[in-house]
Amino acid sequence: MNLPANYERAAAEAKWQKFWDDSKIYKFDPASKAEPFTIDTPPPTVSGKLHIGHVFSYTQTEIIARYQRQLGKNVLYPFGFDDNGLPTEILTEKETGKKGAEMPREEFVQLCEATSAKYRTQFRDLWMSLGFSCAWDNVYSTISKSSQRISQRSFLDLLKKDKVDYRSMPTLWCVKCQTSFAQAEVDDVNKGTIFNYLNFSTTDGTLIPIATTRPELLPACVAMFIHPENAKYKHLIGQKAVVPLFGHQVTILADEKADPEKGTGIVMCCTFGDVTDIEWFRKHKLPNRLAFTRDGKMNELAGEFAGLGIEEARKVIIAKLLEAGLIFRQEEISAEKRVVNTHERCGTPVEYLDTKQWFIKVVDAKEDLIKQGEKVNWFPSYMGKRYRDWVDNLGWDWAISRQRYFGVPIPVWYAPDGTIIPADDSQLPVNPLVDKPLDCKGYDPATLIPEKDVLDTWATSSITPELNWRWGEKDEMPQLRPMSMRPQAHDIIRTWAFYTIVKSWFHHGDIPWKDAVISGHVIKKEVKVETQKVEGQAFERKSKISKSKDGDKFSPLRLIEEFGADAIRYWATSGTLGSDIAFDEDEIEGSSKLLTKLWNSAKFAAGFLQGFDPKAGRPKLEAVDLWALTKFDAVIKNYHAAFAKHEFFPARNGLEQFFWSDYCDNYIELVKDRLYSTDPADAERARAAKWTLYFLTLGQLKLFAPYLPHITEEIYQGLFAELEGDKSIHISKFPVVESSLVSADAAKAGELLLEVVTLVRGYKSRNNYSMKLAIDKLTLEADEDVLTDLKLVEKDVLGICKANALIFSVKKTEFIRISGTMPAGIGNVTVLAENPTTAPSSIDNVVALTDNHIIAPAFTEKTERIALAIEMDKAALLRNEVVSELKPLINEAKKAFNLKAKDACKVLYVQAPVDLLKVLETEPGQLEAAARSEKVVFNAEGKTYLPLASRPGMGVAVEN
RNA sequence: GGGCGUUUAGCUCAGUUGGUUAGAGCGCUUCCUUCACACGGAAGAGGCCACAGGUUCGAGUCCUGUAACGCCCACCA
């Protein structure tokens with residue numbers, strides 16, 4: 001039972017990762033009777049680079065998985081990759097330089113699969129190097145045959161239930177990707193533009209001014225609108241207007257939505273400039289007059305401008321209008337003021353086209369969907385409101401068909417008369433372009449038109465719960481529905497969370513999971529930037545991490561390399577659930593300090609636990625032991641209470657606090673005296689300390705295990721595995737403190753002890769004494785009940801304060817404080833006197849009052865329940881004083897041997913007069929320590945001593 | 001314009017159901033080589049808890065309002 005001096009991080013992490021993988025301790029057992037805990041892990045989009053943000057959010061879930069597993073639950077922690085659909089296509093096109101539209105579909109699909117496989121491996125390697133406890137032999141991919149089958153099954157179920165619609169209507173369209181897309185995929189981009197004021201005219205020549213940012217839509221103009229109450233222009237309503245440059249005529253109509261305050265008060269309506277245009281198109285039954293093609297080129301309606309791209313056409317048409325004098329005013333609109341909607345996958349400005357698409361009918365189901373959202377427990381709870389807001393404001397049905405290639409095919413055919421012929425479940429996954437329906441419903445198979453569109457990636461990722469419990473498959477596990485938990489980031493509540501709830505509601509009439517646990521993002525922290533002071537800005541704001549600006553400063557691989565998985569994991573849990581975290585490398589460094597501390601404290605315990613068997617019976621525990629155990633009990637309870645709400649941070653925080661401050665700084669220090677004692681009378685007390693040490697070390701390791709899986713496993717396997725019998729700490733049970741060991745009295749005594757210790761430490765620190773400097777006599781004054789408690793820890797007080805004698809005295813009087821500097825450079829001293837009349841008037845008198853000792857008491861400022869008097873050993877003080885005076889001299893002497901102050905030397909020679917010699921000889925160790933020498937020789941002959949000016953007859957020499 | 005969130009030490013953040021004297025880590029100051037650890041320890045400096053009202057014996061915590069910042073949505077002629 002021993003640990004090496006240093007923790008070999010890299011080796012240990014690799015070793016245990018392999019061990020866990022080989023021993024399958026994370027495998028979900030479908031046959032198990034244990035309570036299941038199932039996680040609907042976000043399948044990362046295979047879209048290129050790994051990001052520190054991935055590490056942040058996935059680690060949080062990972063820790064919850066480990067916690068649940070240690071509770072004894074049967075944990076399903078699957079992993080998947082969202083690799084179907086447009087994101088992969090865009091990535092593939094970027095990597096290969098080839099366009100999907102320019103090659104046979106099958107060929108492009110193969111390229112996409114290769115790209116996806118490459119990035120899947122990257123992700124997997126990263127997660128493994130972070131020690132993620134997913135069952136790696138059971139990973140899904142959304143483009144796999146099985147996922148396609150379940151996805152198509154989902155579509156067919158919606159079709160059967162009449163929840164999908166195939167209809168022609170204006171849709172959001174991307175001219176670059178040449179596909180329709182959903183409302184949730186719209187992004188806002190700030191972009192400046194020019195506001196053009198130009199004149200239409202009535203047939204009799206009256207000018208009609210309008211304002212537009214998109215003059216290239218003039219050929220698509222189908223009407224003009226004026227508010228019915230618009231005093232200035234309402235007389236024009238009903239007349240015809242001539243479109244400038246293009247010459248066709250449109251009707252001037254009235255509509256309340258035409259705001260008299262905006263622009264000129266008259267607005268042109270085109271096919272389609274924006275959502276209002278679409279609304280008018282439907283309401284007023286306007287013609288469809290699309291002036292550009294699906295790939296964003298002006299068409300024949302644009303006349304001489306046909307063939308130009310949309311943006312190019314805008315410039316050319318503006319130039320032409322200016323030339324013709326038709327534009328009478330132009331205004332620049334700054335980027336801050338104008339927002340352009342774009343397709344989030346590629347950044348191209350949104351267009352609207354009338355196309356035939358598949359929609360899931362969500363708008364009609366809004367109320368039900370809000371109710372479903374209320375059934376889910378959102379963590380933190382306000383995230384539920386975001387969901388509600390989104391659903392409440394839905395204006396469009398969910399468009400799920402995409403005119404793309406690398407996706408799940410929509411499993412239908414169309415008969416010549418438009419009848420929809422669905423695939424049969426038994427033939428899934430199906431590709432209508434290749435396959436034929438099993439049941440052609442009496443139509444000639446040769447006449448059937450296959451659907452060539454594919455489903456949007458969200459249509460498949462919205463059924464990750466179904467992919468996990470294998471809906472409709474041979475290994476289906478419907479008992480796992482609803483799943484326990486969905487972890488995800490807050491930005492995709494409107495997409496992923498919403499879509500998943502939609503699917504679950506339509507398919508099963510239920511929620512997909514009980515808890516939605518929402519994480520934040522990683523951002524950059526505010527830093528002082530001296531060079532920016534010129535602009536009056538001393539700080540760089542908190543901001544999103546940008547790949548181009550920050551390079552690989554935030555690369556997960558680099559960070560793991562530098563700090564190790566455990567330190568990164570620990571950092572990743574330092575944020576509050578749901579809120580963004582500022583990236584701070586110093587904090588990761590702080591985490592790795594914790595690892596060192598954990599290692600060293602375990603090493604300390606190991607030294608005393610050689611041959612110790614806790615099963616041999618529990619010794620009678622001391623008050624200090626009970627104090628520590630009582631505190632630990634509270635830590636455990638707090639830990640579980642926090643995890644019940646998936647709050648990994650408070651759980652960890654309380655534990656760390658206890659570990660570092662209560663356990664390391666105090667408990668270990670308090671029991672050293674017992675553990676190192678060679679007095680047989682202390683044997684039982686030492687056994688008590690060992691028992692407690694064993695329990696606390698193991699218990700804390702178990703609580704740290706979800707966060708720091710590698711180092712805790714290393715220590716567990718080194719010290720405890722044999723005695724405890726669990727194959728891995730990660731499948732061991734959490735510690736429980738027996739209720740008989742939880743003692744309020746002991747807790748109180750422990751706190752009082754710490755109060756005394758703090759006073760003594762403060763005294764020594766203020767006087768620049770070493771903590772090990774002995775106290776001759778320590779007098780404690782307090783009320784009787786306090787003293788009763790303190791007597792429980794009498795021996796501990798003596799030990800940790802290095803006091804030779806301890807006297808308890810019932811508090812009688814208030815003290816008067818007198819402060820001053822002692823003669824002979826002994827330091828600042830505070831003296832307390834019992835009453836003003838007998839109080840010494842100066843420090844000199846104090847020395848006179850005491851014979852061998854200097855009285856330098858202090859009392860607690862905090863509670864005033866304990867006062868203490870410290871009588872230092874005069875010899876010890878003198879020695880301390882002399883040694884510190886000699887120190888600079890020793891360092892001077894070392895220089896002759898080219899030694900630095902911190903370097904060790906062989907012999908320290910000290911010349912001293914008889915009285916000082918006596919004092920120094922009692923504890924030569926202090927001089928040895930000061931000089932870092934192997935030994936000290938006093939008053940040797942024939943040495944050249946460096947003389948100490950302040951003390952005649954004293955000097956030092958060094959030999960190396 | 002609407003909704004949500006945030007505002008506590010120089011920085012990053014905790015602060016349980018309102019309860020004595022508001023905490024931690026990093027950074028800063030002084031000291032201490034002590035037999036687990038100097039990647040350590042001790043002691044300290046540093047806060048009008050954004051602001052203004054209110055409820056209460058008592059408010060960092062509850063209510064109202066204001067401001068700044070962030071996110072989401074809407075607006076886009």
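Note that this is a predicted model, so its numbers are computed, not measured. First the proteins, then the strands, lettered A, B, ... as listed; each starts at 1.
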Inset, instruction - Please find out if less than 6.0 Å separates the ring center of A:F659 from that of A:F704. - result: yes

- Message: For a quick check of understanding: with a heavy-atom distance under 4.0 Å over all strands, which category does A:D665 fall into, base, sugar-phosphate or nothing?
- Response: sugar-phosphate

Rounded to whole Å, the CG-P distance (A:D586 to B:C39) equals 15 Å

### Message
Does A:K597 contact B:C37 through a side-chain donor or acceptor facing the base, at a distance under 3.5 Å?
### Response
yes

Closest of B:C37, B:A42, B:A77 to the A:R761 side chain is B:A42

Taken to the nearest whole Å, CD1/A:I492 to P/B:C72 is 13 Å

Whole-Å distance, A:Q330 CD to B:A77 P, equals 15 Å

- Task: Could you tell me if the ring centre of A:W571 sits under 6.0 Å from that of A:F563?
- Result: no

By the 4.0 Å heavy-atom rule, please label A:F195 as base, sugar-phosphate, or nothing.
sugar-phosphate

Give A:S661 one of three labels, base, sugar-phosphate or nothing, depending on what nucleic acid heavy atoms sit under 4.0 Å from its own.
-> nothing

Checking B:C71, B:G5, B:G41 against the side chain of A:R386 (C-beta onward), the nearest is B:C71

Taking the C1' atom in each of B:U61 and B:G18, what is the distance between them to the nearest angstrom?
6 Å

Interatomic distance at P, B:G65 relative to B:G5, whole Å:
14 Å

5'-most contact on RNA chain B (nearest-nucleotide basis), A:E587 vs A:Y382, goes to A:Y382

For A:A602, which contact category applies under a 4.0 Å heavy-atom criterion: base, sugar-phosphate, or nothing? nothing

Applying a 4.0 Å non-hydrogen cut-off, can you work out what A:N653 is touching in the nucleic acid: base, sugar-phosphate, or nothing?
sugar-phosphate

Q. Is A:D584 side chain donor-acceptor paired with the B:C26 base, going by distance under 3.5 Å alone?
A. no

Check your understanding: Within the pair A:T276 and B:C76, is there a side-chain N or O less than 4.0 Å away from OP1 or OP2?
Key -> yes

Check your understanding: When rounded to the nearest Å, what value does the distance between P atoms of B:G70 and B:C13 take?
Key -> 15 Å

* Asked: Do A:F281 and A:F272 have their ring centres less than 6.0 Å from each other?
  -> yes

*Side-chain donor-acceptor pair under 3.5 Å between A:H343 and A:D187, yes or no?*
no

Output row for RNA chain B, stems defined as at least 3 consecutive Watson-Crick or G-U pairs under 3.5 Å, is B:1-7 with B:67-73, B:10-13 with B:23-26, B:28-32 with B:40-44, B:50-54 with B:62-66

Taking B:C75, B:C37, B:C71 as options, the one with an atom nearest any side-chain atom of A:K262 is B:C75

To the nearest angstrom, the CD-P distance between A:Q657 and B:G15 comes to 13 Å

Quiz item: Can you tell me if the side-chain N/O atoms of A:T758 get under 4.0 Å from OP1 or OP2 in B:A42?
Solution: no

Check: Mind checking whether A:F612 and A:F608 have ring centres under 6.0 Å apart?
Finding: no

- Base, sugar-phosphate, or nothing for A:D392, non-hydrogen atoms under 4.0 angstrom? nothing

Rounded to whole Å, the CD1-C1' distance (A:I581 to B:G25) equals 12 Å

Output for pair (A:N196 CG, A:L326 CG), nearest 0.5 Å, gives 11.5 Å

query = Do A:I252 and A:I208 pass the side chain to side chain contact (heavy atoms under 4.5 Å, CB included) test, and can you show the C-alpha distance, the side-chain angles, and the key distance before you say yes or no?
reply = CA-CA 10 Å; A:I252 301 169; A:I208 313 170; 3.6 Å; yes

From CH2 of A:W599 across to C1' of B:C37 the rounded distance in Å is 13 Å

(message) If you count every heavy atom of other residues, nucleotides or ligands that lies below 6.0 Å from A:K366 atom NZ, does the total exceed 12?
(response) yes

Walking RNA chain B from its 5' end, the first of A:V757 and A:A211 to be reached, judged by nearest nucleotide, is A:V757

Residue pairs meeting salt bridge (Lys or Arg N to Asp or Glu O under 4.0 Å), one or both in residues 259-279 of chain A, sequence neighbours left out, come to A:K257-A:E279

key: B:U17 to B:G10 separation - C1' atoms, rounded to the nearest Å   = 34 Å

Looking only at B:C71, B:U12, B:C39, the nucleotide nearest the A:A582 side chain is B:U12

Does A:W660 have a side-chain nitrogen or oxygen under 4.0 Å from the phosphate oxygens OP1 or OP2 of B:G41? yes

A:F604 CZ to B:U34 P, in whole Å, measures 16 Å

Atom NZ of A:K672 and atom P of B:C37 are separated, to the nearest Å, by 8 Å

Atom P, compared across B:U55 and B:G60: separation rounded to whole Å
16 Å

- Message: What's A:T212 touching, base or sugar-phosphate or nothing? Going by heavy atoms closer than 4.0 Å.
- Response: sugar-phosphate

(request) Considering only atom C1', compute the distance from B:U8 to B:A24 and round it to an integer number of Å. (result) 13 Å

Is A:R494 near enough to B:C73 that one of its side-chain N or O atoms lies under 4.0 angstrom from OP1 or OP2? yes

message: Taking the basic N atoms (NZ, or NE/NH1/NH2) and the acidic carboxylate oxygens, is any pair closer than 4.0 Å for A:K645 and A:E647?
response: no

Query raised in the report: What distance, rounded to whole Å, do you find between the two P atoms, one in B:C62 and one in B:U16?
Result: 8 Å

Testing B:A24, B:C73, B:U12 for proximity to the side chain of A:N393, the answer is B:C73

Centroid-centroid under 6.0 Å between A:F225 and A:H284 rings:
yes

- Task: Indicate, with a heavy-atom threshold strictly under 4.0 Å, whether A:I668 touches base, sugar-phosphate, or nothing.
- Result: base

* Using a heavy-atom cut-off of under 4.0 Å over every strand shown, decide if A:C664 touches base, sugar-phosphate, or nothing. => base

* Looking only at atom P, what distance separates B:C49 and B:A9, rounded to whole Å? -> 10 Å

Quick note, A:F649 side chain, CB onward, closest among B:C13, B:A77, B:C76 is B:C13

